[in-house]
Amino acid sequence: MEATGIGVWGVPLAIFAGAIRVSTPFIFVSLGEAITERTGRINLGLEGTLVFGAMTAYAVAVMTLSPWLGVLAAMAVGACFGLTHGFICKFRKVNDIAIGIAMMQFGLGLAFFLGKPFIQPAAPKLPAIAFGAWSDLPPIQAVLNINVLFLIGAALALFLWWAFRNTRVGLILRVVGDSSDAARAMGLNPDTVRLLATAAGGALAAIGGAYLSLYYPGSWNEGISSGQGLMAVALVIFARWNPIGCFLAALLFGGAGALGPALQSVGVTKGYYLFYAAPYVLTLVIMIATSSPTRSLAGAPGALSITK
Amino acid sequence: MTLEANSHTLATLDGRVGSLRPFLEWLARRAEPLAITLFAIFVGLALFSLFIALIGRSPIQLFELIYAGGFGTWFSVQNSLSRAAPLLLTALCVALPARLGLVVIGAEGAVVLGGVAGAAIALPLVGDAPAPLVWLIMALAGMLVGAVWFGFAGFLRHYRGVNETIASLLLAYIAIAVMNHLIEGPLRDPASLNKPSTAPLPPDYMLGSIPGTDLHWGLVVGVMACILSWVLIEATSFGFAARIAGGNVRAAQIQGLPVGRLIVGFTALAGAFGGLAGMIEVAAVQGSANASLAAGYGYTGILVAFLARHNPLAIIPVAVLLGGIDASGGLIQRRMGLPDATVLVLQGTLFVVILFCETFYGRFKIFNPDLWKRSA
């Protein structure tokens, strides 16, 4: 649709717009997961947290008529999911990857169960800022209509990048992630740090969910996420646990996800369904290219099981 | 605590009847997983009851309905068993790599591609070849595609160091996109309007029922696959090597075991079972390959495998149990007005609690014969 009137320029423009639109949930989930993984724990349950956050945000927004209260409520339940994951993983012999899969199924089930009554009503949406008001062309205006959460996500990525390097909290997270023993020697309790980091990760992932139900596609249903939460976990590895990297990788994923719809808008419909696979193929190719069987990844937290 | 008191009793008992000791040790080791799993199921059910009570419904009525809908009548038993059939195979899909220490969870991908491959190869043969031959070719095609798909995840794990959990999930999403492409495009039957699918198999090419029941032969295939897998793991040198590699990769490499081939072989076998599940779904239930192949059997299979602690024989009762819980979903929806996702919440709760209870392994003296003496 956006392509009409500006010819072939419509495709890159649509991909650009799509990248911003599709990337936002990836940004939040991956930043959350980056905080968690930096402390040496992995939470695969963020897919469930994302969907539960989407449901909560939508339900609260329907009931209170405020999308921002919806986002806050999603953050609260996301933190609860993270706390549960963190609490369970504290016990010995408990596998954090398996618990993640279980929490994912639990979150999906609970979201579908509690969200049933909210499939019909319409919730108020999150606002967008019209950066394209200077242009006369409707397609350009549409492209530069950027949602507020994307901007918050970008700012958050910058802040986390700075905070990991320059703050006491950032140092604590990195020490715990690199060596539980070193952390204990510093008088830190690694379990508590990981618990809080997992809770923070869950809260951020739930914001990603709130974006899905309150902005784009902007409704609540059971198929709202097609693995964004999981892909974001892979994306953190690709981004080398660097928040700025997470932000850029999310944009790349968003662009790949927007490829199919953009081509369809200019009339290329052959292989439409294969383009849906583009972000997954891209993730897999990147993981293959950046992994190595003999050494752990550069920049990987030493206590992280997934890269060992 | 009572458990310690029990171990005291056992130890003093041991002094009197020394000949019983080997049997008691065997019993204690065997009893641990059973006791802990039952305890976990009990806690899971209690938490779920609490949840149901909190939303103002009767958990007792719900459990009665699960029993009635899953196991109450011959009809519901058959319903549970038919739902268990694909779970037997998709659980093996998770359980076999798990014996090597791999968490592979993308069984859904092997299922959908196995189903599509089965349908694609059967349709040109229909009419020219007898049905049993077509089934055999379909099964081989489904297993081959599933094996390649999963074996690739195993290959990436060993030779590229790519995390197998994430790779297998990405492969599952890619498989679903490939299936959608094929059934919307090259393989689409023009007669399938709003539910795109391949052309249907003629009725006499469908896998029939086991005589005297409404159960299709997939159940028998699934049970046989579980038994064969158990024999493979417990009684062959290949399975023994796999268990060593699963215990400690370095030790296995020092012993000169072909760890890479073991990993690729086990994941490929697991994928073959997943592909077989998809093929059976097409040949016995759906009659064509369509989007219903991605019905979540792959994901329920993960739960079955973990509940069974990756033991192929234990998969059989667990799959029937979860098949029954699945089968009762409709009844719960009709009688109590609860959403169909109720059973998902129950499954999710059980899954979390069971994994949590892993922490209790080795903590109780009664299950650990080595500690009996010291407490005496």
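The chains referred to below are lettered A, B, ... by the order of the sequence lines, with proteins before strands, and numbering in each begins at 1.
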*asked:* Can you tell me which portion of A:L284 sits under 4.5 Å from chain B's heavy atoms? Options are side chain, backbone, both or neither.
replied: both
*Which bit of B:I55 comes within less than 4.5 Å of chain A, counting heavy atoms only: side chain, backbone, both or neither?*
side chain
*So how far is it from B:I176 CD1 to A:Y273 OH, rounded to the nearest 0.5 Å?*
13.5 Å
*When rounded to the nearest 0.5 angstrom, what is the spacing between CZ in A:F106 and CG in B:L303?*
13.0 Å
*asked:* Minimum heavy-atom separation for B:A341 and A:G109, please, with both atom names.
replied: CB-O, 3.8 Å
*For the residue pair A:F91 and B:F356, does the interplanar ring angle fall in the parallel (under 30°), tilted (30 to 60°) or perpendicular (over 60°) class?*
perpendicular
*Under 4.5 Å from a heavy atom of chain A, the part of B:I354 involved*: neither
*Residues of residues 330-337 of chain B contacting chain A, heavy-atom criterion under 4.5 Å, by residue number*: none
_Report which part of B:L171 has an atom under 4.5 Å of a heavy atom belonging to chain A: side chain, backbone, both, or neither._
side chain
*Among B:V103, B:I166, B:I105, the one residue meeting side chain to side chain contact (heavy atoms under 4.5 Å, CB included) with A:I97*: B:V103
_All side chain to side chain donor-acceptor pair (under 3.5 Å) counterparts of B:Y159, not counting sequence neighbours_ = none
*Return the minimal non-hydrogen interatomic distance between B:F351 and A:Q105, and the atom names on each side.*
CD1-OE1, 3.4 Å
_Tell me whether B:T359 contacts the main-chain N or O of A:K93 through its side chain, where contact means a donor paired with an acceptor under 3.5 Å._
no
*Report yes if the side chains of B:T342 and A:F113 come closer than 4.5 Å at any heavy-atom pair, otherwise no.*
yes
*Between B:E358 and chain A, which part of the residue has a heavy atom less than 4.5 Å away: side chain, backbone, both or neither?*
both
*Among A:L274, A:T84, A:L108, A:L110, who wins on heavy-atom pairs under 4.5 Å with chain B?*
A:L274
*Segment of B:F152 engaging chain A (4.5 angstrom heavy-atom cut-off)*: side chain
*Please flag which part of B:L170 lies under 4.5 Å from any non-hydrogen atom of chain A: side chain, backbone, both or neither.*
both
*Quick check: are there more than 12 heavy atoms from other residues, nucleotides or ligands sitting under 6.0 Å from CZ of B:R250?*
no
*Mind jotting down which residue pairs meet the side chain to side chain donor-acceptor pair (under 3.5 Å) criterion with at least one end in residues 107-118 of chain A? Sequence neighbours excluded, please.*
A:K116-A:E222, A:K116-B:D340
*Which residue pairs pass the side chain to side chain donor-acceptor pair (under 3.5 Å) test when at least one of the two sits in residues 295-307 of chain B, sequence neighbours left out?*
none
_More than 12 heavy atoms of other groups within 6.0 Å of B:R363 CZ_ = yes
*Who wins among B:I174, B:L344, B:L350 for the most heavy-atom pairs under 4.5 Å with chain A?*
B:I174
*So with a 6.0 Å cut-off around OH of A:Y276, is the heavy-atom count from everything else above 12?*
no
*Please report the shortest heavy-atom distance between A:S291 and B:G161, naming the atom on each side.*
CB-O, 3.7 Å
*When A:T283, A:N95, A:I101, A:V94 are compared by non-hydrogen pairs under 4.5 Å with chain B, the top option*: A:I101
*Side chains of B:L355 and A:I88 in contact at under 4.5 Å (non-hydrogen atoms)*: no
*Might you confirm whether atom CZ of B:F155 has over 12 heavy atoms from other residues, nucleotides or ligands at distances under 6.0 Å?*
no
*asked:* Which heavy atom of A:I288 sits nearest to which heavy atom of B:R160, and what is that distance?
replied: O-NH2, 3.2 Å
